[in-house]
Amino acid sequence: MIDKRVATLADAVAGVADGSTVLVGGFGNSGVPVELVHALLEQGAGDLTVVTNNAGSGESDVAALIRERRVRKIICSYPRSAGSVWFEKFWRAGEIELELVPQGTLSERMRAAGAGLGGFFTPTGADSLLAEGKEVRVLDGRRQVFERPLPADVALVKADRADRWGNLVYRTAARNFGPTMATAAALTVVQVREFVELGALDPEAVVTPGIFVDRVVQVAP
Amino acid sequence: MIDKRVATLADAVAGVADGSTVLVGGFGNSGVPVELVHALLEQGAGDLTVVTNNAGSGESDVAALIRERRVRKIICSYPRSAGSVWFEKFWRAGEIELELVPQGTLSERMRAAGAGLGGFFTPTGADSLLAEGKEVRVLDGRRQVFERPLPADVALVKADRADRWGNLVYRTAARNFGPTMATAAALTVVQVREFVELGALDPEAVVTPGIFVDRVVQVAP
Amino acid sequence: MTAPRLSAVDVARRVARDIPDGSYVNLGIGLPTLVADVVGPDKEIVYHSENGVLGMGPAPAPGEEDPELINAGKQPVTLLPGGAFCHHTDAFVMMRGGHIDVSVLGAFQVAENGDLANWATDEAALPPAVGGAMDLAVGARQVLVVTTHTTRDGRPKLLPRCTYPLTAAAVVDRVYTDLAVLDVSPGGFVVREVAPGVTPEALQAVTGARLTFAPDLTVVRPD
Amino acid sequence: MTAPRLSAVDVARRVARDIPDGSYVNLGIGLPTLVADVVGPDKEIVYHSENGVLGMGPAPAPGEEDPELINAGKQPVTLLPGGAFCHHTDAFVMMRGGHIDVSVLGAFQVAENGDLANWATDEAALPPAVGGAMDLAVGARQVLVVTTHTTRDGRPKLLPRCTYPLTAAAVVDRVYTDLAVLDVSPGGFVVREVAPGVTPEALQAVTGARLTFAPDLTVVRPD
């Protein structure tokens, strides 16, 4: 019997260890697993490497993790926003490490981890500062930089509906990094708006098959 | 106005040049764009490199292309089947070239082409004859072989339904190579069972967005 | 330079004229976004956003916003019939894989060989941020840049070589500024059009790179 | 070797016992396919097929076949509630990316260090063909091999080193034959179980590699 549903947010993030690499879905305020991130804050894991597109905003989710000094390092494409005050404060003080990755490369590196690949060459950023220290090779007539997979211990993802096998569908642009992050982590934890019966999701339209999902928790919208 | 629908199979394959690399979808008899391949036979292009999982069977589709000596080279994972008599005949006579690629690598190489990547390292086949002459590197503690993108001039794909923008959905396991091949070719040609109105396909469930599709033709089931 | 500069909307209108019917287009944050507002109703354009939206429609009516349905600039958008959602990795397959016909980007600097600098300045006080700029610059079939011709304090943005960190090398096809439309050619910038009242001498005076003027140089018609 | 060999179904039953409830499993073409028929109803197993089916159910009733809904062996299958379709590239992400718990494969040869040869012999008359064998061998968390202990003409398949071309190096975890169940350990093959009536000496006599026998060696119980 496969049942990946868990009863509480605390169950969902149970066991996340200090020093973990944690993927956090979302782009801007779309598709952010806010409740899971707050549960992780509550759970207490620290010394985290957080991989997420932005570096949090205001006092919520990733910004709160940073504020509470749980984050050793951020791997992201765009840490700067109107509300990214906690990140900027610690960054200026040299108290948080930043690895800046072009957005498509960030996503592709997580995909490579989930796909069992050893890395890939991409033209993105090959002529930029972000290629410094990396292997660059001319392939198909253009300079390309070698990028390595980005695997993680935990992924926190927000989806819309799930069944007990962990099959997922998303809503509009909230899909963003979720499907890729779900493949790249040893433990994939998902919050959804609604549980549905097994068989209720159209097999032609499942976006993340349950094979990539470990725990699902329902969060009231 | 975007309208990728064409009226006839001849229109669908018009302009395919001698010497083209042609991706042909399908796995066994599932998802094979039979009518498009026959239209290509009729159209007359020769000296083709055909990329497809199997090497045709019986007297139909890819087997017919081979029989009529249109195929210079096959790139595939599994050319051998009960009915692959035409391929075997020419292969024994040294009259057709074979590039054998592990199935996942075949798919991933087409994906790399569609994704604008310069290549990737994969553990698949790294310790096998199929890695001979290729760069092998130890990454993440295992031997991995460098594989290059596999782009094409034309892709022939079978889907189930399409709208005039070329958005596609498939049916069951007939999906197989279609979504990846559609991204990897300069000209992607699709046969579908049914045309639907723009907006009739659920935007959450479109499998191949029209951006990857150039021509769609309806074929009576 | 005393001639009036073109307004941002006029520049957007000029860009819109160059976008063919049926194109797949990504509009960068800022000035480029204006282009969608001025493309004629005779054209069917599919707008792509790197967060996984293909086929964006106009901004939603006030009160109709869906907080999850946003564009790359984090503004609420709508989806047209025929639009579709995809995940981030696939959205970047579209970009990096050469499937976007036209990418319209902003710029800090453009060099005469097409080098683009639009993600970082030499300012060290702010943390660096790149987003999807590098993917858009290397992947689109055509890269169009929309920018003011000079910085706020009058320094030129079109240069022999970029002094800011590069986004990508030799990628820009055409530049639309508030003073001119310029193509990047093997011989450097070729001015195709100038804003009304702008002389070649005056344009050269506010440009860092050496300009060539097209034999059929015309005045920008924004409409 | 005069003791009766285990039947293919008995071997499949023995394999089935080792597959935990809730596993994601890929069954190779041929002997491994039998495993699905004998897994107990107390277990919920999600069967994966590399052509893009996750959650395969039993074979359809005669006349109910869908010609497009097939497995990797090109046989018609069904989809269980909770099953889903994906494209080929994603199906191989599942395989190569380590998401399949158990891969059950056939073999021509297995070496004592876990090397697997199951895609090509030294026969040059037939065109080579590989399919998904290499992806399955490198990607699954556990690689189980089901094979007859010897070839049809009595030559051993469990060897110090494979003589046929390798599928993958050092990947096999356990081998189930019609004579024994053997683990691949750092010291070579360790026999865990033998078929009824098979003595260690007799097993060694039909095995190319040097065998170690587990201290708790038992007789195979297929049920």
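A, B, ... follow the sequence lines: proteins, then strands. Residue 1 opens every chain.
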Stepwise side-chain contact (heavy atoms from CB on, under 4.5 Å) test for B:V206 and C:F85:
CA-CA 8 Å; B:V206 166; C:F85 300 108; over 6 Å; no
Where [X] and [Y] come nearest, the two heavy atoms and their spacing:
X     : Y      : result
C:H99 : B:G114 : NE2-O, 2.7 Å
B:I2  : C:E44  : N-OE1, 2.6 Å
C:A84 : B:N167 : CB-OD1, 4.5 Å
C:P81 : B:G199 : CB-CA, 3.9 Å

Can you say whether C:Y24 sits under 4.5 Å from chain B via the side chain, the backbone, both, or neither, judging by heavy atoms?
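It is the side chain, since no backbone atom gets that close.
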Roughly how far apart are C:L79 CG and B:E204 CD, rounded to 0.5 Å?
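C:L79 atom CG to B:E204 atom CD measures 9.0 Å (nearest 0.5 Å).
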Quick one: pull up CG in C:L54 and CH2 in B:W165 and give me the separation to the nearest 0.5 Å.
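Result: 7.5 Å between the selected atoms.
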Can you confirm whether B:N29 is buried at CG, in the sense that more than 12 heavy atoms of other residues, nucleotides or ligands lie under 6.0 Å from that atom?
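No, the 6.0 Å shell around CG holds no more than 12 heavy atoms from other groups.
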When only pairs under 4.5 Å are counted, which of C:S23, C:G82, C:G55 shares the most heavy-atom pairs with chain B?
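Of the candidates given, the most pairs with chain B belong to C:G82.
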B:M1 vs C:D42, test: side-chain contact (heavy atoms from CB on, under 4.5 Å). Steps then yes/no.
CA-CA 8 Å; B:M1 168 84 168; C:D42 51 320; over 6 Å; no
Can you confirm whether B:I211 sits close enough to C:I100 that some side-chain heavy atom of one is under 4.5 Å from a side-chain heavy atom of the other?
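Yes, close enough: below the 4.5 Å cut-off.
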